[in-house]
Enquirer: 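Got a structure for you, written out below as structure tokens; questions coming shortly.
Chain A is the first sequence line, chain B the second, and so forth, proteins listed ahead of strands; every chain is numbered from 1.
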Amino acid sequence: MEIQSNFIKTIMEEDIKNKKVDGIITRFPPEPNAYLHIGHARAIVTNFELARQFDGYTNLRFDDTNPVKEDSSFVDAIKEDIKWLGYTPNNILFGSDYFEQTYELAVRLIQKGVAYVCDLSQEQVSSYRGTLTEPGKESPYRNRSVEENLLLFKQMRDGKFKDGEKTLRAKIDMSSPNINLRDPVIYRIIHITHHNTGDKWCIYPMYDFAHPLQDSIEGVTHSLCSLEYVDHRVLYDWFVEQCEMPHIPHQYEFGRLNITNTIMSKRYLKQLVEKGVVKGYDDPRMPTLAGLRRRGYTSDSIKSFILSTGLSRINSTVSSEMLENSLRNDLVGKTKRVYAILDPIKLIITNYPDQTEAIDLEYNPENLELGSRILPFGKEVYIERTDFIEEKPNKHWKRLSLGIEVRLMHAYFIKCNEVIYNEDGSIKELLATYDVLTKSGSGFNERKPNGNIHFVEAKTALPATFNLFEPLMVDSDSDRDMMERLNPNSWKTVQGFIEPSVGNTFKGERFQFVREGYFATDYDSKEGNLIFNRIVELKSSYN
RNA sequence: UGGGCUAUGGCCAAGUGGUUAAGGCAUCGGACUUUGACUCCGAGAUCGUUAGUUCAACUCUAACUAGCCCAGCCA
């Protein structure tokens, strides 16, 4: 699937045409402090696909300049997710790989007189900054001599100061209407062990300083990020220029991807996990890539979803139906179609002999390469509870009712004659008769059934657990706390039956359960304890 | 009240001065159907508003309106 036209692709085409660049080099720069979610997929797919289409490449660079928040466990999870999506970074790098160079560039800035060590406390820095409408005040330390700054900065590096005691700031413009330019801090002191560099450093560069330099060092041509960095672009360019970087990368911003019924904030996802609302970051209801993977989503469907939503400078909220549609499209021709009954009622065919019959049935008539299996048929079968109503409610009803004839798919026409009830009035079982002349494949066409329903033969049926999911969040509008908006039905487990051919399914195997949806074999499923996750339902024009 | 960004059908999104304004999702008709699935046909916008520039504007300009972002020693 080609990436469709978008403004960044257009820029790249022009840049190549005008020889502004020799090739396209992008990077995906996650901070290793959280799991990747479907929103990140837009950045991943965009960076990798764009570079690929222009015969360029993409680096994976962990943006690990803040050791208080980062952890190597996330590094591994992120690598795994990217690999799952089918992308291979040209290089796997860390922002921390560049700490020495970054330090030296900071020294250069001091030497040029455009950076200074500031003694203001965090609170003071904040109050000196001014407000959105009033300019800031210059720090009293702004005009220290280059020598003093050099010495102080060296001492910062050497651990002579405590956290927060001093910062290195860029000397730009305290009265700029763009607050990012009001002498931004570029180095801060943090005495904590870094997941990569250990205790080697106690000063760490800020994103605004480190990021453009990293991009430049790596030869990144198009540095893509989200809209909230628009105001930072001038700073990005400023650092590249002031540091006299030989390679000049350019930043382009695009809108974030949101999905209806889906909340992707780190804080929220973390809360769900920590409060035990979900079973972990890979819970099948989670919008994390790990969660979607466990749910059964294919990486191809994620990619085609991202590609089909396009890209613009708008933070968009795409309908979750679009994601579901991508999955169905991907799976429709690829999966075996088998019969499963999620909410069974037993149906006894009173005039059928005491035997089982073997129906030879291809797995997917649209893809014969998938082969075929034997589907058993017999006197007792399970059908879906929702496929029966005592009295046909209206002329649109295409299922079973008393006195109504339907076809058990690929078997026979049956007619329901009697309902046996439990004491509580619920249906226990149905009694029906079949017409031997209506055998599927016999060419019988004297009458049309009222509909076609699926079944599983009772004796050979395998018991199975089905996990049925709904969005974690119910009401979408509201300003109410997210925890109060949880959907109590987000995970429903039902016990039913499945045809015997599915007995030796492997973990992660995907199926279409005819008329029920696309399912994936859960990681915990095993022979004798089959567990399936419903990825998405089939589309339905019924109701 | 400062600065920045955005505004094309219900949701995304092409379109870069002259096209009947692509496409996908959703919706509504209809055909087909041993999945109310798939597939196939068909239906819908004058492009936030108002002025302007131009022979010609969704495409350029201005104003207005609405939404989003920015005052972390987070990224």
Side-chain angles (χ1 to χ4, degrees), chain A residues 4-7 10 29-31 33-34 63-66 68-70 95 118 120-122 125-127 129-136 163-169 176-182 184-190 203-204 206-208 210-211 225-234 253 255-257 259-260 266 304-305 307-326 328-329 332-333 337 339 365-366 396-399 406-411 413 440-441 448-449 451-454 512-517 537-543:
Chain A
Q4 66 179 268
S5 177
N6 65 54
F7 72 101
T10 303
E31 184 183 17
N33 73 342
D63 218 330
D64 57 352
T65 55
N66 185 358
V68 262
K69 299 169 67 180
E70 295 142 11
C118 182
L120 253 28
S121 70
Q122 192 156 178
V125 168
S126 172
S127 72
R129 185 151 29 225
T131 68
L132 293 177
T133 52
E134 304 156 31
D163 287 11
E165 218 175 307
K166 287 189 169 25
T167 56
L168 183 69
R169 298 226 258 160
S176 171
N178 181 343
I179 288 176
N180 296 301
L181 262 25
R182 319 242 263 230
V185 169
I186 60 180
Y187 260 96
R188 69 297 210 186
I189 300 170
I190 305 174
I203 56 171
Y204 293 90
M206 297 286 287
Y207 168 88
D208 280 327
H211 205 86
C225 62
S226 45
L227 250 23
E228 63 266 34
Y229 292 99
V230 171
D231 290 341
H232 295 244
R233 188 174 58 232
V234 47
E253 313 83 15
R256 284 179 186 262
L257 172 66
I259 300 175
T260 56
K266 272 176 202 172
S304 69
F305 165 68
L307 262 16
S308 68
T309 58
L311 192 67
S312 71
R313 283 171 72 85
I314 290 179
N315 286 320
S316 52
T317 302
V318 166
S319 162
S320 57
E321 287 152 328
M322 219 158 148
L323 211 208
E324 297 183 343
N325 185 263
S326 293
R328 293 190 197 104
N329 278 343
V332 66
R337 300 175 183 178
Y339 295 163
E366 292 169 28
H396 303 297
W397 178 252
K398 296 173 70 172
R399 307 178 185 186
V406 299
R407 171 160 40 216
L408 292 177
M409 290 172 67
H410 294 101
F413 289 14
S440 285
K448 294 278 184 202
N452 301 288
I453 65 174
H454 60 111
Q512 183 194 115
F513 291 170
V514 172
R515 302 211 301 139
E516 303 292 354
E537 295 183 53
L538 256 29
K539 261 202 291 198
S540 172
S541 55
Y542 175 61
N543 272 349

Enquirer: When we call it a touch if two heavy atoms are under 4.0 Å apart, what does A:H211 touch: a base, just sugar-phosphate, or nothing?
Expert: nothing

Enquirer: Work out which heavy atom in A:R399 is nearest to a heavy atom in A:V406; give both atom names and the distance.
Expert: O-CG1, 3.3 Å

Enquirer: Can you figure out which of B:U34, B:A7, B:G36 approaches the side chain of A:R399 most closely?
Expert: B:G36

Enquirer: Base, sugar-phosphate, or nothing for A:Q512, non-hydrogen atoms under 4.0 angstrom?
Expert: base

Enquirer: So which nucleotide from B:A13, B:U6, B:C73 ends up closest to the side chain of A:S316?
Expert: B:A13

Enquirer: Could you check whether A:R407 gets within reach of a base, just the sugar-phosphate, or nothing at all, counting any heavy atom under 4.0 Å?
Expert: base

Enquirer: Distance under 6.0 Å and angle within 45° of the ring axis: does A:R515 meet both against A:Y339?
Expert: no

Enquirer: The side chain of A:S540 is closest to which nucleotide in this list: B:G4, B:A75, B:G36?
Expert: B:G36

Enquirer: Heavy atoms under 4.0 Å, any strand shown: does A:T260 hit a base, just sugar-phosphate, or nothing?
Expert: nothing

Enquirer: Walk along nucleotides 64-69 of chain B from 5' to 3' and tag each nucleotide B, S or - by protein heavy-atom contact under 4.0 Å, base first, then sugar-phosphate.
Expert: ----SB

Enquirer: So what does A:E31 hit on the nucleic acid, given a heavy-atom distance under 4.0 Å: a base, only sugar-phosphate, or nothing?
Expert: sugar-phosphate

Enquirer: Rounded to whole angstroms, how far apart are CG on A:N6 and C1' on B:U16?
Expert: 14 Å

Enquirer: To the nearest Å, give me how far apart CG (A:N329) and P (B:C38) are.
Expert: 9 Å

Enquirer: Classify the nucleic acid contact of A:S440 as base, sugar-phosphate or nothing, counting any heavy atom under 4.0 Å across all strands shown.
Expert: base

Enquirer: NA contact type, A:L120, heavy-atom cut-off 4.0 Å: base, sugar-phosphate, or nothing?
Expert: base

Enquirer: Is it the case that A:N452 and A:K398 place a side-chain donor and acceptor less than 3.5 Å from each other?
Expert: no

Enquirer: Considering only the C1' atoms, how many Å lie between B:U8 and B:A57, rounded to the nearest integer?
Expert: 14 Å

Enquirer: Would you measure the distance from the C1' atom in B:U53 across to the matching atom in B:U20 and give it in whole Å?
Expert: 27 Å

Enquirer: If I pick the P atom on B:C69 and the same atom on B:A31, what distance separates them, to the nearest angstrom?
Expert: 49 Å

Enquirer: Where do A:V234 and A:D231 come nearest, in terms of heavy atoms and distance?
Expert: CG1-O, 3.7 Å

Enquirer: Can A:Y542 be classed as stacking with the base of B:G36, given a centroid separation cut-off of 5.5 Å and a plane angle cut-off of 30°?
Expert: yes

Enquirer: Let's see if you can work this out: which of B:U16, B:A75, B:A26 has an atom nearest to the side-chain heavy atoms of A:T10?
Expert: B:U16

Enquirer: A:Y207 side chain: which of B:C25, B:A75, B:G15 is closest?
Expert: B:A75

Enquirer: Enter syn or anti for the glycosidic conformation of B:G10, syn applying to angles within 90° of 0.
Expert: anti

Enquirer: For RNA chain B, report each stem as range with range, ordered by first number, or say none. Use Watson-Crick or G-U wobble pairs under 3.5 Å, at least 3 in a row.
Expert: B:2-7 with B:65-70, B:10-12 with B:23-25, B:27-31 with B:39-43, B:48-52 with B:60-64

Enquirer: Counting the atoms with a prime plus P, OP1 and OP2 as sugar-phosphate, which does A:V514 contact under 4.0 Å by heavy atoms, base, sugar-phosphate, or nothing?
Expert: base

Enquirer: Within this structure, what is the CZ-to-C1' distance between A:R169 and B:A71, rounded to whole angstrom?
Expert: 13 Å

Enquirer: Pick the C1' atom in B:G44 and in B:A21, then give their distance to the nearest Å.
Expert: 13 Å

Enquirer: Using the C1' atom as the point on both nucleotides, what is the distance between B:U54 and B:U6, in whole Å?
Expert: 26 Å

Enquirer: Using atom CG of A:L307 as one end and atom P of B:A14 as the other, report the distance to the nearest whole Å.
Expert: 12 Å

Enquirer: Please report the distance, rounded to the nearest Å, between CZ in A:R129 and C1' in B:G72.
Expert: 7 Å

Enquirer: Of the non-hydrogen atoms in A:V318 and A:F305, which two are nearest, and what is the gap between them?
Expert: CG1-CE1, 3.8 Å

Enquirer: Would you call A:E324 and A:K539 a salt bridge, using N to O less than 4.0 angstrom?
Expert: no

Enquirer: With a non-hydrogen cut-off below 4.0 angstrom, is A:G517 in contact with a base, only sugar-phosphate, or nothing?
Expert: nothing

Enquirer: Of the nucleotides B:C73, B:U34, B:A13, which has the atom closest to the A:Q4 side chain?
Expert: B:A13

Enquirer: Is it true that A:R256 and A:N315 share a donor-acceptor pair across their side chains at a distance under 3.5 Å?
Expert: no

Enquirer: Please measure how far the C1' atom in B:G24 lies from the corresponding atom in B:A13, and state the result in whole Å.
Expert: 8 Å

Enquirer: Under 4.0 Å, counting only non-hydrogen atoms across every strand here, what does A:T309 touch: a base, just sugar-phosphate, or nothing?
Expert: sugar-phosphate

Enquirer: Would you find more than 12 non-hydrogen atoms of other residues, nucleotides or ligands less than 6.0 Å from A:R233 atom CZ?
Expert: yes

Enquirer: Among the candidates B:C73, B:C12, B:G2, find the nucleotide nearest to the side-chain atoms of A:T167.
Expert: B:C73

Enquirer: Do any side-chain nitrogens or oxygens of A:T65 fall under 4.0 Å of OP1 or OP2 in B:C74?
Expert: no

Enquirer: Please report, rounded to the nearest Å, how far the P atom of B:C25 is from the NZ atom of A:K539.
Expert: 7 Å

Enquirer: Take atom CG of A:N66 and atom P of B:A75, then tell me their distance rounded to the nearest Å.
Expert: 5 Å

Enquirer: Heavy atoms only, 4.0 Å cut-off, all strands: where does A:L311 land among base, sugar-phosphate and nothing?
Expert: sugar-phosphate

Enquirer: Taking atom P of B:A75 as reference, at what distance in whole Å does atom NE2 of A:H232 sit?
Expert: 11 Å

Enquirer: Of the listed nucleotides (B:A14, B:A75, B:G2), which one gets closest to any side-chain atom of A:S312?
Expert: B:A14

Enquirer: Taking all non-hydrogen atoms of both residues, which atom of A:R407 and which atom of A:P449 are closest, and how far apart?
Expert: N-CB, 3.7 Å

Enquirer: Can a donor-acceptor pair under 3.5 Å be found between the side-chain atoms of A:R515 and the base atoms of B:G36?
Expert: no

Enquirer: Reckon A:S326 touches a base, only the sugar-phosphate, or nothing at all at heavy-atom distances under 4.0 Å?
Expert: nothing

Enquirer: Given B:C74, B:U33, B:C5, which nucleotide is nearest the side-chain atoms of A:K398?
Expert: B:U33

